[in-house]
Amino acid sequence: LSAMQNEQELINWIFLVDTLNFSFWPDEGAVKYGVKDHHGKLQTGYWSLCAAVNRAIKVGIPVTDAEFMSNCTLEQMETVLRSDTAGKIPLLQERVEAVNQAGTILLERYFGSFSFCVMRCEKDVDKLIDTIVDSFESYRDICQYKDKTVSFLKRAQILVSDIWTALDGKGLGEFKNINKITMFADYRVPQSLVAFNVLQYSEDLKNKLKKKETMSPGDEIECDIRGMSIYACDKIVERVLETAMEEGTPIEVNAILVDYFLWEYARDNRALIEELPFHRCRSIYY
């Protein structure tokens with residue numbers, strides 16, 4: 001996953017990757033973005049980003065350094081994220097802006113390292129997510145839904161989750177309230193929920209998805225899909241815990257683990273999942 005060894009370096013690697021972790025799907029008719037990993041295997045989606053960052057580190061580009069991040073140019077980012085296919089990564093300029101702002105804030109507030117941001121939050125998920133959203137503009141996944149302000153915070157939550165997972169819940173990866181994190185409302189997990197008949201779409205929505213119509217961030221139907229996916233995963237967690245209790249087999253489960261399973265299922269069962277295309281929303285938030 002990462003070319004980094006020690007805890008602080010790993011956290012900085014995760015922070016950079018999650019700052020860039022959004023919108024990999026190609027426009028209709030375009031070639032999919034892909035990068036070969038160190039084994040020579042072509043990766044796509046999130047894993048292509050990991051491969052690109054590790055490739056840059058291997059050749060001495062200090063991509064996780066806050067100074068480099070704050071001054072990274074479009075040309076430098078284009079080199080770091082260059083594709084091994086004929087496809088290009090979407091929203092390149094937006095990625096540069098997100099990394100520039102993140103690097104600047106790291107230097108101004110956190111001694112150039114995201115690990116100091118984690119330390120200050122004293123193992124509290126809520127405090128860390130609030131700090132991320134307050135500090136780093138590209139993580140403010142908030143929209144207006146009818147008359148309400150709704151916070152999905154997909155990337156802020158997955159940033160915390162990735163640190164927890166990578167460090168096995170120990171050291172700076174230990175959080176006393178990790179189960180407060182919801183699933184990460186994206187465009188892949190809803191496909192799995194539909195495949196398992198947990199979510200049911202109207203015929204009108206199905207037709208729009210099959211036509212591959214694009215939604216805008218904050219559209220009512222986009223918010224519906226993301227919101228109901230969060231609710232569905234919370235209900236899955238409840239049901240798993242109830243079943244485990246009934247059977248007398250205690251189990252540790254949370255929305256993070258349910259999300260991981262559903263995301264991997266969507267990736268590993270693409271032919272089945274693609275019977276109903278994912279909702280197409282070009283966004284920096286997922």
Side-chain angles (χ1 to χ4, degrees), residues 7-8 10-22 46 66 98 101-106 108-145 147-186 189 217-218 223 225-241 251-263 283-286:
E7 186 178 62
Q8 182 170 319
L10 179 56
I11 288 174
N12 289 339
W13 183 94
I14 291 169
F15 177 68
L16 171 69
V17 168
D18 283 337
T19 300
L20 293 166
N21 181 14
F22 53 85
Y46 168 77
Q101 194 266 346
T104 299
I105 294 298
L106 287 179
E108 291 177 351
R109 302 185 190 179
Y110 303 112
F111 306 100
S113 176
F114 188 71
S115 60
F116 285 98
C117 182
V118 178
M119 290 176 194
R120 286 185 182 181
C121 294
E122 303 172 318
K123 306 184 188 302
D124 188 317
V125 163
D126 290 330
K127 189 180 292 186
L128 182 52
I129 289 174
D130 286 346
T131 300
I132 293 166
V133 174
D134 177 64
S135 300
F136 304 103
E137 186 176 345
S138 74
Y139 284 85
R140 294 172 195 160
D141 183 6
I142 300 169
C143 66
Q144 285 299 125
Y145 179 77
D147 62 340
K148 299 183 183 298
T149 300
V150 178
S151 301
F152 291 108
L153 307 183
K154 184 261 185 181
R155 285 176 41 235
Q157 292 196 98
I158 207 168
L159 172 54
V160 178
S161 162
D162 283 348
I163 293 170
W164 174 70
T165 303
L167 296 176
D168 198 27
K170 298 172 183 176
L172 289 178
E174 179 185 355
F175 297 101
K176 57 191 177 185
N177 49 353
I178 193 67
N179 290 345
K180 297 188 78 171
I181 288 180
T182 71
M183 64 79 71
F184 316 118
D186 66 353
V189 172
C223 291
I225 292 171
R226 299 184 77 196
M228 290 309 298
S229 296
I230 292 171
Y231 177 76
C233 286
D234 283 349
K235 300 304 289 184
I236 290 171
V237 171
E238 288 180 15
R239 186 64 188 123
V240 169
L241 290 173
I251 187 174
E252 288 189 21
V253 65
N254 56 29
I256 297 170
L257 301 179
V258 170
D259 182 284
Y260 287 171
F261 170 80
L262 293 170
W263 188 85
S283 168
I284 68 168
Y285 300 122
Y286 63 100

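Given the structure is predicted, the values throughout are model-derived calculations rather than measurements.
With hydrogens and angles ignored, the 3.5 Å screen pairs no side-chain donor or acceptor of Arg226 with any backbone N or O of Asp186. The main-chain N or O of Ser113 is never found under 3.5 Å from a side-chain atom of Asn12 such that the two would form a donor-acceptor pair. No donor-acceptor pair under 3.5 Å is formed between the side chain of Gln101 and the backbone N or O of Ser138. At distances below 3.5 Å, not a single donor-acceptor pair connects side-chain atoms of Glu7 with backbone N or O atoms of Gly171. Side chain of Asp124 to backbone of Lys127: a donor-acceptor contact under 3.5 angstrom is found.
The nearest pair of heavy atoms linking Arg109 to Ser135 is NH1-OG, 3.3 Å. When all heavy atoms of Leu257 and Asn254 are compared, the closest pair comes out as N-OD1, 3.0 Å. Between Ser161 and Ile181 the shortest heavy-atom distance is N-CD1, 4.2 Å. Closest approach of Leu172 to Ile163, counting heavy atoms only: O-CG2, 3.9 Å. Looking at every heavy atom in both residues, Cys223 comes nearest to Cys143 through SG-SG, 3.3 Å.
When the ring-ring contact (aromatic ring centres under 6.0 Å, His included) test is applied to Phe261, no partner is found at least two apart in sequence or on another chain.
Side-chain polar atoms of Tyr110 and Ser115 form no donor-acceptor pair below 3.5 angstrom.
In this structure, Asp18 and Tyr139 have side chains that are in contact, with non-hydrogen atoms separated by less than 4.5 Å. Tyr260 places a side-chain heavy atom less than 4.5 Å from the side chain of Phe184. For the pair Phe175/Leu128, a side-chain contact is recorded, criterion being any heavy-atom separation below 4.5 Å from C-beta on. The closest side-chain heavy-atom distance from Thr149 to Gln144 is below 4.5 Å. When side chains are defined from C-beta on, Arg120 does not count as touching Thr131, because their heavy atoms never get closer than 4.5 Å. Ile14 places none of its side-chain heavy atoms less than 4.5 Å from the side chain of Phe114. Side-chain contact check for Ile284 versus Asp141: every heavy-atom pair is 4.5 Å or farther apart. Proximity of Val258 to Met183: side-chain heavy atoms (C-beta onward) are nowhere separated by under 4.5 Å.
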After noting the C-alpha distance and the side-chain angles of Phe152 and Tyr286, does the key distance pass the side-chain contact (heavy atoms from CB on, under 4.5 Å) rule?
CA-CA 10 Å; Phe152 291 108; Tyr286 63 100; over 6 Å; no
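The CD1 atom of Ile230 sits 12.5 Å away from the CD1 atom of Ile225 when rounded to the nearest 0.5 Å. Here CD1 of Ile256 is found 7.0 Å from CG of Asn179. Values are rounded to the nearest 0.5 Å. Note that CD1 of Ile129 and CG of Leu153 are 7.0 Å apart. Values are rounded to the nearest 0.5 Å. In this structure, CG on Asp259 lies 9.5 Å from CD on Gln157, to the nearest 0.5 angstrom.
Applying the salt bridge (charged side-chain N to carboxylate O under 4.0 Å, His left out) test to every pair with at least one member in residues 153-169, sequence neighbours left out, gives these pairs: Asp168-Lys170.
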Considering only distance and modelled atom types, tabulate donor-acceptor pairs under 3.5 Å from the side chains of residues 231-241, sequence neighbours left out.
from	atom 1	to	atom 2	distance (Å)
Lys235	NZ	Glu238	OE1	3.0
Arg239	NH1	Glu242	OE1	3.3

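Shown here is Lys123, whose NZ atom has more than 12 heavy atoms of other residues, nucleotides or ligands within 6.0 Å.
The ring of Phe136 has its center closer than 6.0 angstrom to the ring center of Phe15.
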